[in-house]
Every structure is written in C-alpha cells, then in structure tokens.
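All remarks here apply to the structure that follows.
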Amino acid sequence: MNVPIRVSKRIQEGIKKFKPIITKIKKSDVNESDTVTVIVDMLSDILGYDKYNEITSEYAIRKSYCDLAVRIENKLHFLIEVKAVGITLKNDHIKQAVDYGANEGVDWVILTNSENWKIYRMIYSKPIDKELVYEFNLCDLSATNLSDIEFLYYLSKEGVEKEAISSFYEQKRALNRFFLGQSIMTEDVVNAIKKVLKKVSPDVRIENDSIINVLKKEVIKREVLEEPQAAEACKAITKALKKVVKKEAKQ
C-alpha cells in the first residue's frame, strides 16, 4: 500500500505525540468521557478528520447513542465504541456497536480505549455478525515501520477516500484459511491435482470425487470446511466463478 508522504509524516508525528499522552492518561486512570476526548484528538491529528464537521460525539441511533461516528460529506464510514483507557477490551464490548452498525447499514465498527484498537467488518448475514479484521496497540507502533503506518492509514480520511481498508480486507480475506480451503475444493483445482497425480501414476484411474473425498477427510481441517465462515467463503467463490463463466460466454 502506497501511503502518501504527507499522510505518512502526519501519522508518524501523531504516533510520537500520542504515545506519552496515552501513557499519562492510563496512569491517571481517566474515565470514558476523557478517553473520548483524547480519541477525538487522535482522529483529527493522526487520521486527518475535521473534528468539527466529520466527527460526531454521542451519535444518535434509534433513541440510543454511539460514542463516536466518522462521516465524510454525509456518508457514515465508522462507528466507534469507546471504553476508558484502563479497561481491557472484550468481545462483549463490541456488541452494542455492531447493533448500531446494523441499524445504520455501516460496514465498519471500531472498539478502542485509545491504546488498543480493534477494527471489525460488519457481516450482513442472518443473524448479523462481525469479523475482527485487525487490531493494534498504538503504544507498540513504530513511527518508522511501514506496516504500522499502514494500520493507521487504512483508518485515515485519505485512506477512506481511496477505500484502502476495503482493499486490505479483500486481500486478507482472499488469503484466509476458509477461502483457501474452499478454493482447493473447486473443480479447476481438483482437475489440476488430478493431472499431477496422473503424471505420477499414469496407469491408475483417478476420479474427482475420490480426490475431493481425501481432501475433506485427510488433508483439510474439518473446521476449515464446516465453520460458518466456510459457507460464506464458498458462496463468495461460487458467485465469483459464475461471473467469470458468464463473462467468458459473452466473448
């Protein structure tokens, strides 16, 4: 990911600036409200958002409120659930933000206590779910490490405008175990395996069903094929392959 030099410098300076601030407020054990104040400054100084026009505190959603919301030109990009800096983030903490996200139709929700950040992608299935895409501890980030800078760039205003976080998510999803497992089970891959096996044992009769059976029972871990994420991966791959076939048929 190519991070613009101007944005990279701002992120580097922001990391250096907020590390001691977070250490100080953590030592002082400040409350959630004060933590929100620091996070708003981080969204502005590190991530480049206009704190007066693009960051909303106590964002109203169906008679309730989400701690923070990030909007650009009236489009909602992130909902942010905030906990006090001294609180350890737990999975239960994100539930409310996910409920908010479902009501607003937003793709991304964030859980943070200013030091630790967890970035989730909404999954609009039945029931609605979420996926932890990545997480980081800001105090552990290095201002000279490109990967660390990229973690923040994905959340920045410039990154949002370039849909950088979506590109990162698609790349990560394509290489996760569920997508790889389902890819191995496709006809194209099974046919390729059969060709290799026929070269090794040209006189042996090998059927696709036999290969698939061995892959399921002895090669690929059961959870890779049976967990809910596997069904989502299978659905996405099947849909993509159908598009390719349809496109090729038109040529």
Side-chain angles (χ1 to χ4, degrees), residues 32 35-36 39 43 47 49 54-84 87-113 116-136 151 154-157 159-183 185 221-243:
E32 185 175 301
T35 303
V36 168
I39 291 172
L43 292 172
L47 303 181
Y49 295 103
E54 296 170 340
I55 304 171
T56 303
S57 298
E58 296 294 314
Y59 182 76
I61 301 175
R62 292 191 179 184
K63 298 181 180 181
S64 188
Y65 296 90
C66 184
D67 293 314
L68 292 169
V70 174
R71 302 176 68 101
I72 301 177
E73 297 181 354
N74 293 321
K75 182 177 180 180
L76 182 62
H77 290 280
F78 298 113
L79 290 177
I80 305 175
E81 180 74 11
V82 177
K83 296 300 175 184
I87 292 180
T88 300
L89 301 182
K90 299 178 181 179
N91 289 333
D92 290 346
H93 292 154
I94 196 62
K95 183 181 184 304
Q96 190 171 21
V98 169
D99 292 340
Y100 290 151
N103 288 326
E104 291 293 290
V106 70
D107 288 331
W108 298 94
V109 293
I110 299 171
L111 174 64
T112 180
N113 59 9
N116 297 292
W117 293 67
K118 293 176 177 285
I119 293 80
Y120 294 85
R121 177 72 155 77
M122 294 288 294
I123 300 176
Y124 288 98
S125 57
K126 293 183 180 180
I128 290 175
D129 203 354
K130 86 285 184 189
E131 176 184 354
L132 177 63
V133 177
Y134 72 100
E135 60 184 312
F136 60 87
F151 279 157
Y154 300 142
L155 304 179
S156 72
K157 180 177 179 178
V160 164
E161 292 173 340
K162 295 289 186 180
E163 297 186 348
I165 192 169
S166 295
S167 297
F168 171 73
Y169 172 72
E170 290 299 328
Q171 181 182 31
K172 183 175 181 180
R173 187 177 72 152
L175 293 174
N176 74 27
R177 57 179 177 158
F178 301 106
F179 267 74
L180 289 175
Q182 292 299 324
S183 296
M185 302 298 293
K221 289 183 177 181
R222 179 181 297 177
E223 61 266 25
V224 173
L225 298 177
E226 296 181 1
E227 288 188 6
Q229 296 95 318
E232 290 296 321
C234 182
K235 182 178 179 181
I237 290 172
T238 301
K239 184 178 179 180
L241 291 177
K242 285 182 178 178
K243 283 185 178 180

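Owing to the predicted nature of the structure, the values given are computational and were not obtained by experimental measurement. Every heavy atom of this structure was used, including side-chain atoms; hydrogens, water molecules and symmetry mates were not.
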Leu47 and Val70, any side-chain heavy atoms less than 4.5 Å apart: no

For Ile80 against Asp67, the heavy-atom pair lying closest together: O-CB, 3.4 Å

Exercise: identify the closest heavy-atom pair between Ala97 and Leu79: O-CD1, 4.3 Å

Asn113 side chain to Ile87 backbone, donor-acceptor under 3.5 Å: yes

Ring geometry between Phe78 and Tyr49 (parallel below 30°, tilted from 30 to 60°, perpendicular above 60°): perpendicular

From CD1 (Ile72) to NZ (Lys157), nearest 0.5 Å: 6.0 Å

Geometric class of the Trp108/Tyr169 ring pair [parallel <30°, tilted 30-60°, perpendicular >60°]: perpendicular

Residue pair Tyr154, Val133: steps toward the side-chain contact (heavy atoms from CB on, under 4.5 Å) verdict: CA-CA 12 Å; Tyr154 300 142; Val133 177; over 6 Å; no

Derivation and outcome, side-chain contact (heavy atoms from CB on, under 4.5 Å), residues Asp107 and Tyr124: CA-CA 9 Å; Asp107 288 331; Tyr124 288 98; 4.1 Å; yes

Distance (rounded to the nearest 0.5 Å) between Lys130 NZ and Met122 CE: 10.0 Å

Residue pair Leu111 / Lys83, side-chain heavy-atom distance below 4.5 Å: yes

Exercise: identify the closest heavy-atom pair between His93 and Glu81: O-CG, 3.6 Å

Residue pair Asn91 / Ile94: nearest heavy atoms and the distance that separates them: O-CG2, 3.0 Å

Separation between OG1 of Thr56 and CG of Leu68, rounded to the nearest 0.5 Å: 8.5 Å

From Glu54 atom CD to Glu73 atom CD, the distance as rounded to the nearest 0.5 Å: 8.0 Å

Taking every non-hydrogen atom, the tightest pair across Glu32 and Ala84: N-CB, 3.7 Å

Nearest heavy-atom neighbours spanning Leu43 and Ile55: CB-CD1, 3.5 Å

From CD1 (Ile110) to NZ (Lys118), nearest 0.5 Å: 13.0 Å

Results of salt bridge (charged side-chain N to carboxylate O under 4.0 Å, His left out) for Glu170 - residues two or more places apart only: Arg173

Polar side-chain atom of Asn176 near backbone of Lys172 as donor-acceptor pair, under 3.5 Å: no

Reported CG-to-CD distance for the pair Leu225 and Glu223, which is rounded to 0.5 angstrom: 9.0 Å

Aromatic ring pairing Phe151/Phe168, orientation class (parallel under 30°, perpendicular over 60°, tilted between): perpendicular

